[in-house]
Amino acid sequence: MTELLYLVAAVAFIVGLKQLSGPRTARKGNAVAAAGMFLATVVTLVELEVVSWRVIAAGIAVGAAIGAALALRVQMTAMPQLVAAFNGFGGAASALVAVYELDRTGGGFATETAVTVVLSLVIGVVTFTGSFVAFGKLQGIIAGRPMRLPGGQALNVALAATTAILGAWAAVSGEALPFWLALGVASIIGFTGVLPIGGADMPVVISLLNSLSGIAASMAGFVIGNQALIIGGALVGAAGLILTMQMGEAMNRSLGNVLFSGFGGGAVAVETAGKPVNRATPDDVAIALAYASNVLFVPGYGLAVAQAQHAVRDLAAALEKRDIAVGYAIHPVAGRMPGHMNVLLAEADVPYEQLFDLEQSNPKFTQTDVVLVIGANDVVNPSARDDATSPIYGMPILEVDKARTVVVVKRSLSPGFAGIDNPLFYEPDTMMLFADGKEAIESVLAAIDDV
Amino acid sequence: MTELLYLVAAVAFIVGLKQLSGPRTARKGNAVAAAGMFLATVVTLVELEVVSWRVIAAGIAVGAAIGAALALRVQMTAMPQLVAAFNGFGGAASALVAVYELDRTGGGFATETAVTVVLSLVIGVVTFTGSFVAFGKLQGIIAGRPMRLPGGQALNVALAATTAILGAWAAVSGEALPFWLALGVASIIGFTGVLPIGGADMPVVISLLNSLSGIAASMAGFVIGNQALIIGGALVGAAGLILTMQMGEAMNRSLGNVLFSGFGGGAVAVETAGKPVNRATPDDVAIALAYASNVLFVPGYGLAVAQAQHAVRDLAAALEKRDIAVGYAIHPVAGRMPGHMNVLLAEADVPYEQLFDLEQSNPKFTQTDVVLVIGANDVVNPSARDDATSPIYGMPILEVDKARTVVVVKRSLSPGFAGIDNPLFYEPDTMMLFADGKEAIESVLAAIDDV
Amino acid sequence: MQVGVPHQHTDTERRTPVVPDTVATMTEWGWNVVVSPGIGEPSGIPDQHFRDAGATVGEEAWRADLVLVVRPPSPHQLSELAPGTIVAGFLDPFVDVDTIGGLCVARLTGVALEAIPRTTLAQAMDALSSQANIAGYAAVILGSMESPRLFPMMVTAAGTIPPARVLVLGVGVAGLQAIATAKRLGASVYAYDVRPETKEQVESLGARFVDAVTVAADAGGYAVEVDESAQAAQHAALTEHVAAADLIVTTAQIPGRPAPLLVTAEMVSTMRPGSVIIDLAAATGGNVAGSRPDETVAVGGVRLLGPTNLASQYARDASRMLARNMIAMLERGRTDDHFVIDPEDEILGEATVVLDGEVLHPRSRELLEANRTANSEAAS
Amino acid sequence: MQVGVPHQHTDTERRTPVVPDTVATMTEWGWNVVVSPGIGEPSGIPDQHFRDAGATVGEEAWRADLVLVVRPPSPHQLSELAPGTIVAGFLDPFVDVDTIGGLCVARLTGVALEAIPRTTLAQAMDALSSQANIAGYAAVILGSMESPRLFPMMVTAAGTIPPARVLVLGVGVAGLQAIATAKRLGASVYAYDVRPETKEQVESLGARFVDAVTVAADAGGYAVEVDESAQAAQHAALTEHVAAADLIVTTAQIPGRPAPLLVTAEMVSTMRPGSVIIDLAAATGGNVAGSRPDETVAVGGVRLLGPTNLASQYARDASRMLARNMIAMLERGRTDDHFVIDPEDEILGEATVVLDGEVLHPRSRELLEANRTANSEAAS
Amino acid sequence: MSPEFIAGIVVFVLAGFVGLEVISKVPPTLHTPLMSGANAISGITIVGAVIAAGLAEGRFATALAFFAVVAATINVVGGFLVTDRMLEMFRKRPSRPR
Amino acid sequence: MSPEFIAGIVVFVLAGFVGLEVISKVPPTLHTPLMSGANAISGITIVGAVIAAGLAEGRFATALAFFAVVAATINVVGGFLVTDRMLEMFRKRPSRPR
Ligand SMILES: NC(=O)c1ccc[n+]([C@@H]2O[C@H](COP(=O)([O-])OP(=O)(O)OC[C@H]3O[C@@H](n4cnc5c(N)ncnc54)[C@H](OP(=O)(O)O)[C@@H]3O)[C@@H](O)[C@H]2O)c1
Ligand SMILES: NC(=O)c1ccc[n+]([C@@H]2O[C@H](COP(=O)([O-])OP(=O)(O)OC[C@H]3O[C@@H](n4cnc5c(N)ncnc54)[C@H](OP(=O)(O)O)[C@@H]3O)[C@@H](O)[C@H]2O)c1
Ligand SMILES: NC(=O)c1ccc[n+]([C@@H]2O[C@H](COP(=O)([O-])OP(=O)(O)OC[C@H]3O[C@@H](n4cnc5c(N)ncnc54)[C@H](O)[C@@H]3O)[C@@H](O)[C@H]2O)c1
Ligand SMILES: NC(=O)c1ccc[n+]([C@@H]2O[C@H](COP(=O)([O-])OP(=O)(O)OC[C@H]3O[C@@H](n4cnc5c(N)ncnc54)[C@H](O)[C@@H]3O)[C@@H](O)[C@H]2O)c1
């Protein structure tokens, strides 16, 4: 019966993971997975022939208190490092379970079991130390930039080889010593593996470590002969791997690149003049749009250069189908000739009723959920309003910075006609989508179908 | 070791199924699955403590000969019924395995095993008889139209209930009789369940029976305690269910509707004046386009009515990205005013170099893989060329019927300006996509990304 | 066979019924073509191009077996032709009684492009369509020249210019092209026609249809006359759209009847000063009160133009299309190196309004008889 | 303060520097506006509308503190103004020596719209841009009227009409709008400018850029003159495009210099008869050999038009935009109910070419001095 | 329930999930080939049939086992072959005159 | 290898496939929440920790088991809670003035 209830828990994990990967169902998915976990724990407690309830109760109480406190207190911006820390604890737990078995048996396992003990020890401890290095980097305790180690990747290769040899020894010898040695060496790999990776790449690393902690749990399952651990761990291990690859893709980096290049120290393709920008992907923009109730497009010269007018019209139509109100705010000098935007939007058959000029647009922005700026720059530059030293101070602008979210589509941070920088790009509520205007809008359109 | 090799075979099945669901990888997927099957069979033969090789060798030889002959001889148009027949054999095999066990043991199973024996008997035999009824309907041996049975669905409910009761009896009694009775009653359900369903719905029914045969195999796996059967069967059972639902969706029918309505006797929404047309879905059109090397669009008045010019231009751009050559064949009197198509295509920024008039277009069609006719009718009507009694006999037309494949997008079979029927629509090489021009092209565009 | 193409240009006529391409075709057929000198000049075709295509350039264009014309020859010109000569081209056979009379008197054969049936099959010869098409385009270009308004919307540093509003009344061939052209220029376009199927056609060009009285067309696809109450309803529905328009183009015609009055003097008076009306139906009475053929009339600040032959403005392309229509028609009657008319032919038979001095077309006959009655009444 | 808007209409001038909207604004400021009667007529604005906005309609428009003009007043008109009067509008301050002289002699102040700097900040007052924009549109409409060709491609039963080919030379404000308008009408458009950044701009309108010599602009964004060898290279690259064109619109200007010659007489002679050239630079010498200001010259079958004030054709919208530019400029100098010029102001200071009889703008001063030298040389 | 039986259930459920998830949106043109391929996989019952045939003793049992093997083999061999035939069309056509 | 161990491998492979297939294309905004949720699930090792703690005898073993339970619980409880917090944003905003 226990096994079948564990199976139910496993099904809850599967369903939960599936739901977690869609925006509409994600919250429910999390709850389903949590329910599965609750079931698995309760089943274990009920079935258990307990020697001491005290330890269990104390452990759970302490752990729950710490976990809840951290989860509920930490600021939204610190989420990634928190996940890293939690993950580290997970790895530690798996390693501890294996250590416990090792301690209990003194190392006399059957070969195949010995292999799983080694694996859960090693993977668990790598996860543990690696996660806390990642945590430190993100939290600023350790420097975020990549740290060059003596020997570079050769060091890691050597450490990994040593661990493997120790593991093999452990598997055949039936002694405890090689297990302990493997544990020790592996705990170093967590440091030497993660320290050389830059802070910007940490999310990918954490995701990979997360996948590893799943494997560790699964191995621990083999060690203590428990299918719940095997299944749950394997699920997370595999799903985490897919997620890691997708995260790398979204950053345009392969996994190998992240792990072994050591260049991810915030090495963003675009020069941000030292100031940070929020780089968005088409999917981010699609989600922002899909959850808005009204959207204003602000076209500029870049729309004309990219010939993105048809794509924009298609996107607007897709939004209207979702009952999102759309409009176009046209600045008097957008483009390079009077009426430049009108020519293009008329060609794309945008109805005249959706076009608003400067006077009509500006009062709207405070009520606007998302403003999508496509290849406009000078005409949305807040320094024309705020900065008396700016050469364009006094020019009326479209005050898009008053909207809830601003998405700017352009190819880089380079300036427009007036040749001046635009503070809008560095606002916290601004997302920058760096791409050719037409391609960007087309990818957003493709992505919005999946939201 | 056997188990692990079976696991490898199972993995081959999984990979094979995944690849089978994408056009690019489908063939390879089939080969991978076949290799898995070969592995599973060989492993079984090697591990087996055989009493008689003769039976096995003979059985495999005979089966392989029959299967290969059927598979290689049958015409492409008879494929669906062939699949039905094969499926029937699969169901029969599972049932036979269970019968064999029943015969061997005389019915003295543990309860849970007895349940699986009943299930593999019942499901296997329903698959067997059901598949052959479907085969008969498609092959024309049994009338294709839905057959009303005395008592209607009540009969099926009664039969199912009887089987269930017999099954319960078998599970608890330890006697052989109820097994045999259940087998007998269930074999009737194959007839009474499928006979009332119309020929047009048969593909969905076959897919469902296919899913059932997977379950039967899985149950047989429980009976003889073989994990290869359990896994392989469960895979097919689940995958087949998803496929069945998708097929129903593609026909705009829910599964319940197909099984219990009895109305699927070729009830197509569009009146085809008795003549059959090939109704296509956007996905079919997308695949036809994606595998073409050149495509010509033929716009007509319907394109203007639907205002589909922007969508068509987008589709052309998507094709060009795949290195497919595109062009537009413009008939002199397409639309309702001279130059009507030009106005629209210019608005959508179609380059003039891609426009071909009648004299330029007609020599091209024989070299064209796919012609996509969007809301044109009279101007592609072959009777103007072939039928001296036609009121438009003698009018020059775009001879799209000379192309390899013609796709016609319009909302119905209703005639155009001249008010006459168009034989093009009933040609075997013509696919009809019935929808508003703009929506149709947009769905094709969406579908082409997935090919 | 001898084919003549005489010089017929006037202030409002700049077209030719042949272009070098079609001359070359006729030469290939073994026909001798004579064109008057300078005939291609407004179209930008030098005489040499006709010569290169095989034609003779000379003054004897009227002395031929087949004379191709772009407008009815004068009765005097007809009277000088040899009996049996075929005159083909625009002959205005349902309105111009002098030409029909002249053809009869001189025992000539008249093949009128206006009488080509408007069927799907005859479209290649349908010169009314090809020329109406150009006229629709021309009307909007002319209107945009005459208007003090820019047509496209422009949001600029010097303020926002709203799009001009264009109203097209009568959505046949010319009306549709007018809509398309005004849309291209960025105007906000409204249109109305009495035939209900035009609503879809108007919308297929991205313009808006004005919902007012609609009446199904006759069997030939032509509009029928509406009664007085329906006309009043039309006027009521159109009033606000007329008042809001910067440019109105009217093209409404009813074959064999005077053009329907769609814009009354009162409606014109509600228009903004500076607005422009182009009445393409001015020749048959006009759709707008006060419009006069080939004149510009100012009513308040509104200008009414009644151009009757706008297509001819675009002489090169109008001639090219007309010549294509003509050659398609000639090809239908060609046997070896001759042009033979079969009165039973569903297209050529219809188009041959007069055969060797005998009036064949019922509507031309009606016209002649009505005229005779009127004359004799006047005489008595 | 008294503001006068005198009547200045001629054959080629139909605009007004105020519209009722801007009159209302000035009235709100406490300014008294007097407009000459009939001033709004070509724009379709009746006098009553000006009255409704708060203006007086009367003949005393020249007797005011601030006179708004659409073209330079004659020296005689200037001489009758009270010293200290401000004259604002188009004054042609870098070419028209009589006006500058007249302003000095009468001790007037001249604020020239032509001298407004072309900066991002001053765009609302940039009347050169707003009027050039309209001129670009007008040139294409005029060209399409004059051409015997239809602009859009049309596949019809009477044959396929290929799109007209339009070549735009000089892609400033006017050139860009010309490109956009020709594209809208369906023509196949090619364009060339000497400034390299225009390539992207041309392509942003869907037209094709003709690759020939390009030279970076000066600091102000204006083109610089090219040397002779470069000019020869330009001509060579343009020759085939000129020969293929149905319509050419030229707009190339170099501030303070004669317009560059882009189309030679020889190139014109290669064009098809019936082709049309609109030379918007005719006033400053023309981009086309043989073009003359405000005249139509026929060269072979090609017609050369040199309109100098095309914007004025679209009087309503041209006036509307001009008036918006004007009011933006006036607002910049307004203090309470007065208009005060700060010679240090980066915009108004630049635009004030003459202040109380003293010439401030260096280019105007150069002009005067060159003229004096020439006069004294002629005298000696 | 025996541990093996329970293990079987676990495996059954997991394999079922794999089956559900492995098929995403399939284009209609592939419906029939996919069905046919899946059908061939369901011929895995051949393993059961072979085991039965290998062990069968007695006339009836042998006959049963023989027919089971025949039926399963038809399903497997025919199924994979026919699927491959159907899928022949998914080869990109080269540009060619017809 | 023991049959249980082999059964474990089978289950491991199948569960792995489910994990691979269950995640299709995930929008980047969900990357972090999904990672966090998956991470919480990997806390299933709590079951192992609890078993160990229930059976632990001796100081060292008890201490090990205690810390295992604490660590696993932090992972589970904290993980699910923080995921939920992150996902709060996925509620459709009503039209509202700001
Ligand atoms: N309207 C007129 O009459 C007129 C005339 C002359 C000058 N101007 C001036 O032009 C400016 C107009 O302002 P604006 O905001 O429209 O344009 P802008 O300030 O010139 O900025 C255009 C932006 O578009 C981006 N871009 C260019 N190509 C792109 C592509 N293919 N895809 C995506 N983005 C692209 C560029 O950034 P990336 O390079 O990073 O992509 C650039 O920053 C004003 O300064 C105005 O004064 C106007
Ligand atoms: N070009 C001219 O100058 C001119 C002038 C007058 C008449 N004509 C005549 O018009 C005809 C033109 O031929 P054509 O092939 O262009 O048109 P057509 O023969 O009139 O056929 C148009 C087809 O478009 C379909 N359609 C209508 N709305 C649609 C929508 N929203 N989405 C998809 N399909 C739609 C209709 O079928 P469903 O209803 O089934 O969708 C119809 O059969 C010729 O007979 C010609 O002689 C031409
Ligand atoms: N078969 C073909 O291929 C073909 C070719 C060309 C034209 N046609 C058809 O011929 C018909 C006539 O075309 P046309 O351009 O020569 O028409 P036309 O010149 O005779 O009339 C112009 C338009 O005026 C409209 N009209 C008449 N009375 C009106 C009223 N009171 N109010 C509003 N509108 C009114 C008519 O409906 C018509 O659309 C159309 O149906 C056209 O589609 C068919
Ligand atoms: N800052 C602003 O917002 C603003 C506003 C309006 C205009 N401008 C800029 O002012 C500049 C001038 O505009 P304009 O329309 O008044 O120009 P213009 O009338 O002085 O000249 C018209 C065009 O002719 C071109 N030209 C000159 N010599 C040429 C030659 N030899 N061959 C080909 N082309 C030649 C010029 O490059 C220019 O594009 C442009 O750069 C324009 O973008 C800027």
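Because the structure is predicted, anything quoted here is derived from the model rather than measured. Within every chain, numbering begins at 1; the chains are lettered A, B, ... in the order of the sequence lines, protein sequences first and strands thereafter.
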Count the heavy-atom pairs under 4.5 Å between each of [options] and chain A, then report the option with the highest count.
| options | result |
| --- | --- |
| F:A7, F:A52, F:G16, F:G37 | F:A52 |
| F:V76, F:T32, F:T62, F:V50 | F:V50 |
| F:A49, F:G48, F:A63, F:G43 | F:G48 |
| F:V13, F:L14, F:V82 | F:V82 |
| F:I41, F:V22, F:L81, F:I23 | F:I41 |

Compare every heavy atom of [Y] with every heavy atom of [X], then report the nearest pair and how far apart it is.
| X | Y | result |
| --- | --- | --- |
| F:F66 | A:V62 | CZ-CG2, 4.3 Å |
| A:A40 | F:I44 | CB-CD1, 3.9 Å |
| A:Y6 | F:V47 | OH-CG1, 3.5 Å |
| F:M35 | A:P203 | SD-O, 3.9 Å |
| F:T73 | A:I60 | CG2-O, 3.5 Å |
| A:A217 | F:T45 | CB-CB, 4.1 Å |

Side chain, backbone, both or neither: which part of [X] has a heavy atom under 4.5 Å from chain F?
| X | result |
| --- | --- |
| A:T116 | side chain |
| A:S21 | both |
| A:A447 | neither |
| A:I224 | side chain |
| A:L48 | side chain |
| A:A33 | both |
| A:L229 | both |

Please examine the side chains of F:M86 and A:V83, heavy atoms only from C-beta on, and report whether any two atoms are closer than 4.5 Å.
yes
Side-chain heavy atoms of A:L20 within contact of F:L87, under 4.5 Å:
yes
What's the verdict on side chain to side chain contact (heavy atoms under 4.5 Å, CB included) for F:I9 and A:F222, showing C-alpha distance, side-chain angles and the deciding distance?
CA-CA 9 Å; F:I9 292 179; A:F222 278 100; 4.1 Å; yes
Distance, nearest 0.5 Å, that separates OG of F:S42 from CZ of A:F13:
10.0 Å
Got a second to check how far A:D103's CG is from F:L64's CG, nearest 0.5 Å?
6.0 Å
Measuring heavy-atom distances to chain A, does F:A40 have an atom under 4.5 Å in its side chain, in its backbone, in both, or in neither?
backbone
Is it the side chain or the backbone of F:I46 that comes within 4.5 Å of chain A heavy atoms, both, or neither?
side chain
Quick check on F:F67: does its CZ atom have over 12 non-hydrogen neighbours (other residues, nucleotides or ligands) under 6.0 Å away?
no
Okay, side chain of [X], backbone of [Y]: is any donor-acceptor separation there less than 3.5 Å?
| X | Y | result |
| --- | --- | --- |
| F:R85 | A:V74 | yes |
| A:Q246 | F:V26 | yes |
| A:N30 | F:F80 | yes |

Kindly indicate, with the supporting measurements, whether the criterion side chain to side chain contact (heavy atoms under 4.5 Å, CB included) is fulfilled by F:L34 and A:L17.
CA-CA 8 Å; F:L34 177 55; A:L17 274 177; 4.1 Å; yes
